[in-house]
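Working notes for the structure below.
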Protein chains: 2
Amino acid sequence: MSEKPATHPDLSRERALRWLGGAGLRPTRQRLALAELLVGDGRDRHVTAEWLFAACRNQGETVSLATVYNTLRAFSEAGLVREITVDGSGSYFDTRTDDHPHFYWEDTAELADAPTSDLEIARLPAPPADADIARVDVVIRLRRKGA
Amino acid sequence: MSEKPATHPDLSRERALRWLGGAGLRPTRQRLALAELLVGDGRDRHVTAEWLFAACRNQGETVSLATVYNTLRAFSEAGLVREITVDGSGSYFDTRTDDHPHFYWEDTAELADAPTSDLEIARLPAPPADADIARVDVVIRLRRKGA
DNA sequence: ATTAATGCAAACGATTTGCAATGGG
DNA sequence: CCCATTGCAAATCGTTTGCATTAAT
């Protein structure tokens with residue numbers, strides 16, 4: 001219901017534009033709308049395709065669900081977002097693209113950043129000789145107390 | 001094509017029987033067949049439903065794919081296996097049910113145990129006050145060198 | 001103009017479910 | 001015998017794709 005933008009609208013648009021431009025992606029109307037929802041306020045975000053689709057429509061923008069999926073894949077391949085799958089049903093897209101731990105609420109299926117500074121992996125298993133580590137995913141599954 | 005059982009057939013059957021019994025699950029013909037494939041030789045295993053289905057048929061056992069799925073879910077709920085989802089398409093079932101790190105080969109989509117002893121998490125982010133940690137999933141994604 | 005991006009609807013693959021048939025305890 | 005388990009086929013869910021239309025550069 002709240003129509004108040006989180007930050008100055010022009011700044012949000014500006015950020016989205018730079019974000020797309022930096023990856024060499026054409027700033028179409030729908031990409032811009034999606035990008036604004038993702039990085040408009042500069043905060044990190046974990047969204048599902050469905051969520052983004054709904055959010056976009058709420059702003060009055062017209063986008064098809066297929067385009068949301070295709071766009072998220074494009075963003076992902078361009079390195080703008082990172083795809084994370086935590087349980088079989090649906091994946092999340094994280095605007096923060098470096099290795100960092102996540103909290104996952106099992107009851108609400110919400111994904112959030114865990115404080116990075118508090119994770120310290122002292123020793124990581126050495127990869128087999130013919131392999132490089134592409135990335136390390138750490139998901140801390142949370143259960144509400146007294147559930 | 002190899003018809004040679006990995007271990008003594010009776011021992012394998014025996015193990016499967018105890019495994020099911022310990023969880024209070026009725027040892028039907030198909031559950032027994034699946035259980036043998038999973039724990040018959042005492043080694044830890046990471047299987048997909050499709051793999052298990054195929055493996056079962058190769059032994060000449062008749063099982064429906066639906067039953068494989070339902071049975072894996074039953075095993076999972078009984079705490080006999082742990083379900084792991086690493087990327088959107090399909091989940092793995094691990095016969096080892098404690099927290100431990102995994103290697104994931106991005107090119108072949110294979111999941112394997114990473115040497116546990118080599119992982120050391122010095123500090124884990126503290127869970128929010130109203131939450132308990134249900135489990136911690138660590139997946140080390142591997143990319144073949146020079147790919 | 002040329003080429004890429006969009007939207008729809010149909011296609012998809014993994015998993016689940018309804019329900020009748022079967023089989024353990 | 002009774003209730004759990006099975007199997008099949010149809011249903012579901014998230015995601016992708018083919019292709020004609022539209023919009024960027």
Sorted by chain and number, sequence neighbours left out, side chain to side chain contact (heavy atoms under 4.5 Å, CB included) with A/Glu14 holds for A/Arg18

To the nearest angstrom, how far is A/Asp87 atom CG from C/dT15 atom C1'?
-> 13 Å

For A/Leu34 and C/dA5, give me the distance from atom CG to atom C1', rounded to whole Å.
-> 12 Å

B/Arg45 atom CZ: more than 12 heavy-atom contacts under 6.0 Å | yes

Check the interface with nucleotides 21-25 of chain C: list each N/O to N/O pair with the protein under 3.5 Å, or write none.
none

What pairs with A/Ser76 under side chain to side chain contact (heavy atoms under 4.5 Å, CB included), at least two apart in sequence or on another chain?
-> A/Val81, A/Glu83

Given the rule that I, L, V, M, F, W and Y join up when any side-chain heavy atoms are under 4.5 Å apart, are A/Val136 and A/Ile84 in one cluster?
-> no

Starting at OG1 of A/Thr95, measure out to CG of A/Asp44 and round the result to the nearest 0.5 Å.
-> 4.0 Å

Taking atom C1' of C/dA4 as reference, at what distance in whole Å does atom CG of A/Leu20 sit?
-> 14 Å

How are the rings of A/His100 and A/His46 set relative to one another: parallel (under 30°), tilted (30 to 60°) or perpendicular (over 60°)?
-> tilted

Starting from the C-alpha separation in whole Å, work towards a yes-or-no answer on side-chain hydrogen bond (donor to acceptor under 3.5 Å, both in side chains) for B/Gln30 and B/Thr67.
-> CA-CA 8 Å; B/Gln30 2 325 51; B/Thr67 294; 6.0 Å; no

D/dT6 P sits how many Å from B/Glu61 CD, rounded?
-> 12 Å

Between the two ends of the helix from C/dA1-D/dT25 to C/dA14-D/dT12, what is the bend in degrees, rounded to 10 degrees, where each end axis spans five pairs?
-> 30°

Let me see the working for A/Thr108 and A/Glu110 under side-chain hydrogen bond (donor to acceptor under 3.5 Å, both in side chains), right down to the final yes or no.
-> CA-CA 5 Å; A/Thr108 58; A/Glu110 266 173 301; 3.1 Å; yes

Hey, could you give me the CH2/CG distance between B/Trp19 and B/Leu34, rounded to the nearest 0.5 Å?
-> 9.0 Å

Round to the nearest Å and state the distance from A/Phe75 atom CZ to C/dA5 atom C1'.
-> 12 Å

When hydrophobic residues are tied together by side-chain contacts of less than 4.5 Å, even through go-betweens, does A/Trp51 share a cluster with A/Trp105?
-> no

Does B/Thr67 have a side-chain nitrogen or oxygen under 4.0 Å from the phosphate oxygens OP1 or OP2 of D/dT6?
-> no

Between the protein and nucleotides 11-21 of chain D, list the N/O to N/O atom pairs that are separated by less than 3.5 angstrom.
residue: D/dT15; atom: OP1; partner: A/Ser91; partner atom: N; Å: 2.9
residue: D/dT15; atom: OP1; partner: A/Ser91; partner atom: OG; Å: 3.1
residue: D/dT15; atom: OP2; partner: A/Tyr69; partner atom: OH; Å: 2.5

Sequence neighbours left out, what pairs pass salt bridge (Lys or Arg N to Asp or Glu O under 4.0 Å) with at least one residue falling in residues 138-147 of chain A?
-> A/Glu106-A/Arg141, A/Glu106-A/Arg143, A/Asp107-A/Arg144, A/Arg141-B/Asp137, A/Arg144-B/Asp130

